[in-house]
Engineer: 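Below: one structure in structure tokens.
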Amino acid sequence: MRRAAAAALLWLPYAAAFASARFTLPPTPRAQPVVKRYAEPAPSDATPPADAFVPLEDGAAAPPPPALPAAPSAKLVAFLWANTLLLVPVAAAGALAGANVLGERWAWSWAAARAGVLLALPWIVLSFIPVDKYFPSMADVTAHTELITASALGVEFGGWKRGVGVVLATTLISASAGIFEEAAFRGVFQRAAKWLFLAAGGPAAGFVGAVGLERLATVAAVAAVSGCFGALHNYCRGYALLAALAGAYFGLVYALTGNLLVAAVTHATVDLVAFLTCYVSLCTRSQADKDTLAAKSFKVTDALRATRANFDAAPAANGAA
């Protein structure tokens, strides 16, 4: 177990880079928006493009933001799925170092998968509570999630074929995120943190007993790793807190069941329901609400929308060439 803990600590900087890079690897970074007022077209002999305007120095009005895409992007879905694979080396390194990543009570069974789905239900129910009405900072979390969903899946229903494609795409991303994030954060980092807390708290065993020390180490490990999990998902106001709470919940599921499959299915189910309910909500909104959402700007979602724009522009560029 010493080797597993050491490997986890060595891999932690790489995991931080991987997790922070998720959703933020656009081929062409998008510049920060600049508030400007646009007046008349720039002078030119040829007809200028529609967006070629001369900015006025003291203006305050910005050009309208790009509309949210109507249809899904297979390339962006593949891009998001590929990002979930960045944690595979972490899980593999932990397993090679001796960590029992799968858990002490690992079982590949329908019963374990069913338990994972059932354990996802409490979190899903809580997710429908409109907390943004009571905590305004959580409105940014909602908008952030909606922009990610809109960028990948679009905001318009398009028949049963598109519906099937959306379900398959969200299932792929959710399952991959559930498996590899749980394997890395719970199967490697949480186990390594627990071992370190047990080693550091050895003298306390005389006061709380071996069982008490085991429980304290488990709680401390869940808290520490979920805190790191939240910090690495600090995409906007409130997102880090929500991610930390979700990480704590998944960590407790892993600790109590001793089976990575249960935790992975719980995580994947939560993600899948979040994606699909968000998609349906977006598709049933008015155009005015969609335009309001499109005007919102966050660092990660701006980068993701720029990536989508690059993917969409590539076929046209190739056709023109």
Engineer: Under 4.5 Å between any side-chain heavy atoms of V101 and L260, yes or no?
Structural biologist: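 Yes. Closest side-chain heavy atoms under 4.5 Å.
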
Engineer: If you apply the rule side-chain contact (heavy atoms from CB on, under 4.5 Å), what do you find for F185 with L87, and how did you get there?
Structural biologist: CA-CA 9 Å; F185 282 95; L87 286 171; 3.8 Å; yes

Engineer: Check whether any side-chain heavy atom of T170 lies under 4.5 Å from a side-chain heavy atom of I173, and answer yes or no.
Structural biologist: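 Sidechains of I173 and T170: no contact.
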
Engineer: So, taking the atom named CG in D312 and the one named CZ in R305, what distance separates them when rounded to the nearest 0.5 Å?
Structural biologist: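 Going from the CG atom of D312 to the CZ atom of R305 covers 12.0 Å.
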
Engineer: For the CG atom of L272 and the CG atom of L172, what is their distance to the nearest 0.5 Å?
Structural biologist: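 Interatomic distance, L272 CG to L172 CG, rounded to 0.5 Å: 11.0 Å.
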
Engineer: What are the two closest heavy atoms between V77 and A152, and how far apart are they?
Structural biologist: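 Looking at all heavy atoms of both residues, the closest pair is CG2-O, 4.0 Å.
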
Engineer: Does anything in residues 110-132 pair up under ring-ring contact (aromatic ring centres under 6.0 Å, His included), and if so which pairs, sequence neighbours excluded?
Structural biologist: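 Listed by first then second residue: W123-Y249.
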
Engineer: Has R191 got its NZ or CZ under 6.0 Å from the middle of the six-membered ring of Y254, at an angle within 45 degrees of the ring axis?
Structural biologist: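 Cation-pi check for R191 and Y254: fails.
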
Engineer: Show the nearest heavy-atom pair for residues L304 and S151, with the distance to one decimal.
Structural biologist: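 Nearest pair, atom of L304 first, then S151: CD2-CB, 4.1 Å.
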
Engineer: Specify whether H144 and Y235 have parallel, tilted or perpendicular ring planes, treating 30° as the upper limit for parallel and 60° as the lower limit for perpendicular.
Structural biologist: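 Answer is parallel, since the angle falls under 30°.
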
Engineer: What is the minimum heavy-atom distance between A91 and V188, and which atoms define it?
Structural biologist: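 Distance-wise, the nearest heavy atoms are CA-CG2, 3.9 Å.
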
Engineer: May I ask you to decide if S297's main-chain N or O and T301's side chain share a donor-acceptor pair within less than 3.5 Å?
Structural biologist: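 Such a contact is absent between T301 side chain and S297 backbone.
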
Engineer: Any non-hydrogen side-chain atom of F197 less than 4.5 Å from a side-chain atom of L216?
Structural biologist: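 Answer no - side chains too far apart.
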
Engineer: Going only through I, L, V, M, F, W and Y residues with side-chain contacts under 4.5 Å, is there a path from V273 to L245?
Structural biologist: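 Yes; L245 is reachable from V273 via cluster members.
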
Engineer: Do M138 and K133 touch side chain to side chain, with heavy atoms closer than 4.5 Å?
Structural biologist: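 Not in contact.
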
Engineer: Are L242 and V270 joined in one hydrophobic group, where the rule is that I, L, V, M, F, W and Y side chains link up if heavy atoms are under 4.5 Å apart?
Structural biologist: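 L242 and V270: one cluster.
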
Engineer: Honestly curious: do L252 and L126 fall in one hydrophobic cluster under the side-chain, below-4.5 Å linking rule?
Structural biologist: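 Looking at the clustering, L126 is in a separate group from L252.
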
Engineer: Can you tell me how far the CG atom of N259 sits from the CH2 atom of W108, to the nearest 0.5 Å?
Structural biologist: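 Result: 10.0 Å between the selected atoms.
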
Engineer: If you count every heavy atom of other residues, nucleotides or ligands that lies below 6.0 Å from W81 atom CH2, does the total exceed 12?
Structural biologist: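 Incorrect, the count does not exceed 12.
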
Engineer: Is the closest basic N to carboxylate O distance between R186 and E181 below 4.0 Å?
Structural biologist: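 No, this pair does not count.
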
Engineer: K296 side chain to A143 main-chain N or O, any donor-acceptor pair under 3.5 Å?
Structural biologist: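 Judged by distance alone, no pair lies under 3.5 Å.
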
Engineer: Please list all pairs meeting side-chain hydrogen bond (donor to acceptor under 3.5 Å, both in side chains) that have one or both residues in residues 273-289, counting only residues at least two apart or in different chains.
Structural biologist: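 Qualifying pairs, neighbours excluded: E146-R285, S281-R285, S286-D289, Q287-D291.
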
Engineer: Are the side chains of K161 and V164 in touch, meaning some heavy atoms are under 4.5 Å apart?
Structural biologist: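 Side-chain contact under 4.5 Å: no.
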
Engineer: Any side-chain heavy-atom pair from F275 and S174 closer than 4.5 angstrom?
Structural biologist: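 The answer is yes; the side chains approach within 4.5 Å.
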
Engineer: Could you grab the distance from atom CG of L147 to atom CG of L68, nearest 0.5 Å is fine?
Structural biologist: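 L147 atom CG to L68 atom CG measures 6.5 Å (nearest 0.5 Å).
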
Engineer: If hydrophobic clusters are built by linking Ile, Leu, Val, Met, Phe, Trp and Tyr wherever their side-chain heavy atoms come under 4.5 Å apart, do L196 and V219 end up in the same one?
Structural biologist: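 Not linked; separate clusters.
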
Engineer: Can you name the nearest heavy-atom pair linking F229 to A243, along with the distance?
Structural biologist: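 Heavy-atom minimum between the residues: CD2-O, 3.3 Å.
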
Engineer: What pair of heavy atoms forms the shortest contact from A221 to K194, and how long is it?
Structural biologist: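 Nearest pair, atom of A221 first, then K194: CB-N, 3.5 Å.
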
Engineer: With a 4.5 Å heavy-atom cut-off, do L119 and T257 have their side chains touching?
Structural biologist: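 A side-chain contact under 4.5 Å exists here.
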
Engineer: Roughly how far apart are D271 CG and T171 OG1, rounded to 0.5 Å?
Structural biologist: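 One finds 11.0 Å between CG of D271 and OG1 of T171.
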
Engineer: Given side-chain contact (heavy atoms from CB on, under 4.5 Å), test F79 with F311 step by step and report yes or no.
Structural biologist: CA-CA 10 Å; F79 173 78; F311 286 151; 4.0 Å; yes

Engineer: Can you tell me how far apart CZ (F180) and CG (L85) are? Round to the nearest 0.5 Å.
Structural biologist: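 It is 5.5 Å, given to the nearest 0.5 Å.
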
Engineer: I need the minimum non-hydrogen distance between V225 and A193, along with the two atoms involved.
Structural biologist: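 Looking at all heavy atoms of both residues, the closest pair is CG2-CB, 4.1 Å.
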
Engineer: When you measure from the side chain of E182 to the backbone N and O of H267, does any donor-acceptor pair fall under 3.5 Å?
Structural biologist: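 Looks like no, no N/O pair under 3.5 Å.
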
Engineer: Side-chain contact test, heavy atoms from C-beta onward, threshold under 4.5 Å: evaluate it for L276 versus V166 and give yes or no.
Structural biologist: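 The answer is yes; the side chains approach within 4.5 Å.
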
Engineer: Answer with yes or no whether the hydrophobic clustering places L282 together with I148; edges join I, L, V, M, F, W, Y residues whose side-chain heavy atoms lie under 4.5 Å apart.
Structural biologist: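 Hydrophobic grouping puts L282 apart from I148.
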
